[in-house]
Amino acid sequence: MINWLLATACLALAISTVVLLVRQRRDRPVEPDRIPSRRVDRDPAAPLERMDLGVVVLSASLGPITANAAARRLLRLPETTLPVRLESDELLSIARRALNTGEPAETEVNLWPERRRVRARAVEDGDEITIFLADVTEEVQAHQVRRQFVVNASHELKTPVAGIQALAETVNQAIDDDPDAAKRFARKLLIESERLSRLIQDLLDLSRLEDPSHFSDASVDIGAVAEKEAEGLRRLAEDQAIKLEVDVRRDVFIRGDEQQIGLLVRNLIDNAIRYTPPDGNVNVVVARDGGDAILEVEDTGAGIPLNAQSRVFERFFRVDDDRSRGSGGTGLGLSIVKHVTEMHGGHVSLRSELGEGSTFKVRLPLLNGTDR
Ligand code: ADP
């Protein structure tokens, strides 16, 4: 009987403890920067162990108590035992600040030798400090690429704008004294303004390509696109006495964005015409090869030196600055080609010989593998 009473009392005590804990947990205000438990479970299946966010808990004397897998990886901590102190002075400093002020403290640190950039936030909780570590390496790199792109684009825009200003001033001065010279400069003014407008168009195309909401996912007849784009450039080819030939199959379908594929084809044909001297040839071929659609644009033009072949797809890269600018080049065309190709799961390659010509080959996966 006493045993039964004791067992009932124990059970009642256990239930009331659980109820109390659950109530306390439910009633506690939610603090987004806090994690529910500061004790890190080493069970590999535990949510904290599987998180990308690193979590390390320090004692009031700043010694590590526990760390999840992401934190151990980032801070190169041993799997089984924790060191007496963290190596990073910056992390210790924010931990100390959080402990002294009771306010969260943040910093960004570079971790070597992994070359990772980590955003760290230390939160004090009574006699312990939790440091959250977010790996922001890719974010920082993307930001740097964007910033560099803006610097390059501004620099590229400055050149034609300065040219237009100088020419406009010259036309203004020459218009009364030397009308023939004024006409010549006005023609140059037109060429410069066309170059500027081309550069702005390429920049707009690039920024549109980087916005995934503009990407339509449909069946694209790549032969039809190539024919249409070649027709649009026929006049340019004729003006430069270049024979433009098109040999396309009309049953080559890919999945993707027709406008972007049009942009890709247009850039390749446009380059082939601009970098081929008069009486040369430009051939556009659309074919199939196994499960791939093939687009080839071949010219008998200037060719590209071997040492520049791997760089021509970089933004703003030009083999011969003067020749490219003279032909209205922006240095962006092939980077657009590469971007569109890769967004469609394909690959672009180049075969070229100086003085002989170039062939750009784009390989894209066929819609439904081999058929329409
Ligand atoms: P651009 O607007 O200057 O033509 P692109 O990105 O289209 O810029 O091309 C990069 C560079 O590659 C060009 O400046 C040019 O030097 C070279 N190039 C591109 N296509 C050809 C080609 N078909 N024949 C020879 N050189 C080419």
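Keep in mind that what you see is a predicted model, and the values were worked out from it rather than measured. Whatever order the structure lists them in is the order used to number ligands and atoms, beginning at 1.
- The aromatic rings of H344 and F215 sit tilted relative to each other, their planes meeting at an angle between 30° and 60°.
- The residue F313 has no part lying near ligand 1, judged by heavy-atom distances below 4.0 Å.
- At least one N or O atom of L334, backbone or side chain, sits closer than 3.5 Å to an N or O atom of ligand 1.
- For ligand 1, the atoms lying closer than 4.0 Å to a non-hydrogen atom of T330 are 1 (P), 2 (O), 3 (O).
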Result block: side-chain N/O donor-acceptor pairs under 3.5 angstrom for residues 346-353, not counting sequence neighbours:
unit_1	atom_1	unit_2	atom_2	d
S352	OG	I304	N	2.8
S352	OG	G357	O	3.2
S352	OG	S358	OG	2.9

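- Residue G329 places no N or O, backbone or side chain, under 3.5 Å from any N or O of ligand 1.
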Q: Could you walk me through whether R97 and N100 pass side-chain hydrogen bond (donor to acceptor under 3.5 Å, both in side chains), step by step?
A: CA-CA 5 Å; R97 227 180 321 141; N100 292 341; over 6 Å; no

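- Of the charged side-chain nitrogens involved, at least one lies within less than 4.0 Å of a carboxylate oxygen, so that R72 and E49 count as a salt-bridged pair.
- Here's the thing with I304: none of its N/O atoms is less than 3.5 angstrom from an N/O atom of ligand 1.
- Heavy atoms of R274 come nearer than 4.0 angstrom to ligand 1 in at least one pair.
- In terms of N/O distances under 3.5 Å, ligand 1 is not approached by F360.
- Here R318 pairs with E156 in a salt bridge; the nearest charged N to carboxylate O distance falls below 4.0 Å.
- A salt bridge links R250 to E227: at least one charged side-chain nitrogen sits closer than 4.0 Å to a carboxylate oxygen.
- Close approach of ligand 1 to F317 is summarised as follows: ligand atoms under 4.0 Å from at least one heavy atom of the residue are 10 (C), 11 (C).
- Close contacts between ligand 1 and G331 involve ligand atoms 1 (P), 2 (O), 3 (O), 6 (O), 8 (O) [criterion: under 4.0 Å to a heavy atom].
- Summarising the local packing, CD of Q259 is surrounded by 12 or fewer heavy atoms from other residues, nucleotides or ligands at distances under 6.0 Å.
- With a 4.0 Å cut-off on non-hydrogen atoms, D299 touches ligand 1 through its side chain and not its backbone.
- A distance-only check finds no donor-acceptor pair linking the side chain of E231 to the backbone of L233 [under 3.5 Å].
- Near R318, with a cut-off below 4.0 Å to any heavy atom, the atoms of ligand 1 are 3 (O), 14 (O).
- For ligand 1, the atoms lying closer than 4.0 Å to a non-hydrogen atom of L332 are 6 (O), 8 (O).
- Residue contact check: S358 has heavy atoms under 4.0 Å from atoms 24 (N) of ligand 1.
- Here F317 pairs with nothing under the ring pair (Phe, Tyr, Trp, His ring centres under 6.0 Å) rule; sequence neighbours left out.
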